[in-house]
Amino acid sequence: AGVYTPQAFVMPAGVVMCVVARAPYDGDGLRVRNLQTGAVFTVRFMSTDAPELRGAFVSATQPGGYAMRDSLRTLVRVGDTVYVDLRPAGRVRVSFGRKLADVYLNNAAHTHLGYETIRRGWAWYRPTQGRVNGDIPLFMAEAHARAQELRLGVFAAPVFPTAPWKWRDRNDYKTGG
């Protein structure tokens with residue numbers, strides 16, 4: 001048990017440096033531009049599932065959706081540099097039209113954005129099969145349990161919140177292709 005710190009991991013080889021191209025729309029992803037190639041793409045945080053916002057894929061906003069997005073916006077802004085690891089499962093994977101990735105802030109702590117949103121109680125930890133990069137899942141699972149125990153973020157609500165995957169099942173979720 002512990003807190004995820006820069007000393008707890010080594011930045012994986014093959015990480016791409018990007019710049020945030022648009023303010024976060026939701027709580028578990030970013031639109032980024034690769035600084036080497038100029039390619040713009042959207043990433044979804046690996047092993048992280050945040051409350052849903054009404055849009056193309058779901059017909060209603062889940063309680064906590066806007067608060068989660070606003071919490072992420074305090075961590076990362078347009079123009080910030082981030083490191084994107086598109087291969088945490090050993091290959092590029094796509095979920096909801098976004099590439100699954102581990103995303104780290106370009107700061108002294110190399111803040112892992114998926115972990116940080118879970119630690120703050122604004123997202124659920126979702127185990128992902130085939131993940132190959134070290135102890136990150138252990139830290140995420142512990143942070144999720146702690147956020148629930150301390151009733152942080154969405155877990156502060158008087159009624160225990162519905163997990164996003166269950167919310168999508170109940171609210172006209174569309175895969176978008």
Side-chain angles (χ1 to χ4, degrees), residues 2-53 55-57 64-128 130-144 147 152-154 164:
V3 174
Y4 187 70
T5 65
Q7 295 79 28
F9 77 102
V10 174
M11 189 69 73
V15 171
V16 178
M17 184 176 276
C18 296
V19 64
V20 176
R22 191 177 84 189
Y25 170 75
D26 61 14
D28 55 13
L30 293 174
R31 185 110 173 120
V32 298
R33 181 174 44 84
N34 183 318
L35 288 175
Q36 292 177 322
T37 68
V40 177
F41 56 97
T42 304
V43 294
R44 180 169 187 233
F45 303 150
M46 186 76 157
S47 305
T48 307
D49 204 351
E52 295 294 335
L53 293 178
F57 297 113
Y66 289 111
M68 171 54 230
R69 182 206 53 204
D70 295 345
S71 176
L72 181 58
R73 286 180 175 179
T74 69
L75 289 170
V76 64
R77 293 176 174 77
V78 173
D80 285 353
T81 305
V82 292
Y83 296 100
V84 177
D85 182 2
L86 292 170
R87 300 169 297 119
R91 65 191 188 291
V92 174
R93 295 180 56 196
V94 177
S95 175
F96 305 109
R98 302 180 284 179
K99 295 177 179 182
L100 287 173
D102 281 323
V103 181
Y104 306 86
L105 287 179
N106 182 22
N107 60 13
H110 295 298
T111 304
H112 185 282
L113 289 174
Y115 167 81
E116 187 61 21
T117 58
I118 291 169
R119 187 189 72 75
R120 291 178 173 202
W122 292 113
W124 278 254
Y125 168 62
R126 291 291 307 264
T128 304
R131 180 185 272 281
V132 295
N133 55 347
D135 292 329
I136 293 172
L138 173 65
F139 287 112
M140 291 175 109
E142 290 174 351
H144 185 232
L152 301 175
V154 295

Test of ring centre spacing under 6.0 Å for H110 and Y104: no

Contact check, side chains of V20 and R31, non-hydrogen atoms, under 4.5 Å: no

L30 CG to F45 CZ distance, which is reported to the nearest 0.5 Å: 4.0 Å

Smallest separation among heavy atoms of H112 and M140, with atom names: CE1-CE, 3.9 Å

Nearest heavy-atom neighbours spanning G121 and A147: CA-CB, 3.7 Å

T117 side-chain N/O to L113 backbone N/O, donor-acceptor pair under 3.5 Å: yes

A101 to V84 - nearest heavy-atom pair and separation: CB-CG1, 3.7 Å

S47 versus R126, side-chain donor and acceptor atoms under 3.5 Å: no

Contacts of type side-chain contact (heavy atoms from CB on, under 4.5 Å), residue R73, not counting sequence neighbours: A23, P24, R69, D70

Straight-line distance of Y83 OH to T111 OG1, nearest 0.5 Å: 12.0 Å

Backbone N/O of D85 and side chain of D102: donor-acceptor pair under 3.5 Å: no

Side chain to side chain contact (heavy atoms under 4.5 Å, CB included) between V82 and V76, intermediate numbers included: CA-CA 9 Å; V82 292; V76 64; 4.3 Å; yes

Spatial distance of atom CZ (R120) from atom CD (E116) [nearest 0.5 Å]: 5.0 Å

Smallest separation among heavy atoms of G114 and T48, with atom names: CA-OG1, 3.4 Å

For L35, side-chain contact (heavy atoms from CB on, under 4.5 Å) partners two or more places apart: M17, V19, R33, T81

Minimum side-chain heavy-atom gap W124-V154 below 4.5 Å: yes

Minimum heavy-atom distance between D49 and P164, given as atom pair plus value: OD1-CB, 3.4 Å

Check: L72 main-chain N/O paired with T74 side-chain donor or acceptor under 3.5 Å: no

Under the side chain to side chain donor-acceptor pair (under 3.5 Å) test, residues paired with D80 that sit two or more places apart: none

Straight-line distance of Y115 OH to E142 CD, nearest 0.5 Å: 8.5 Å

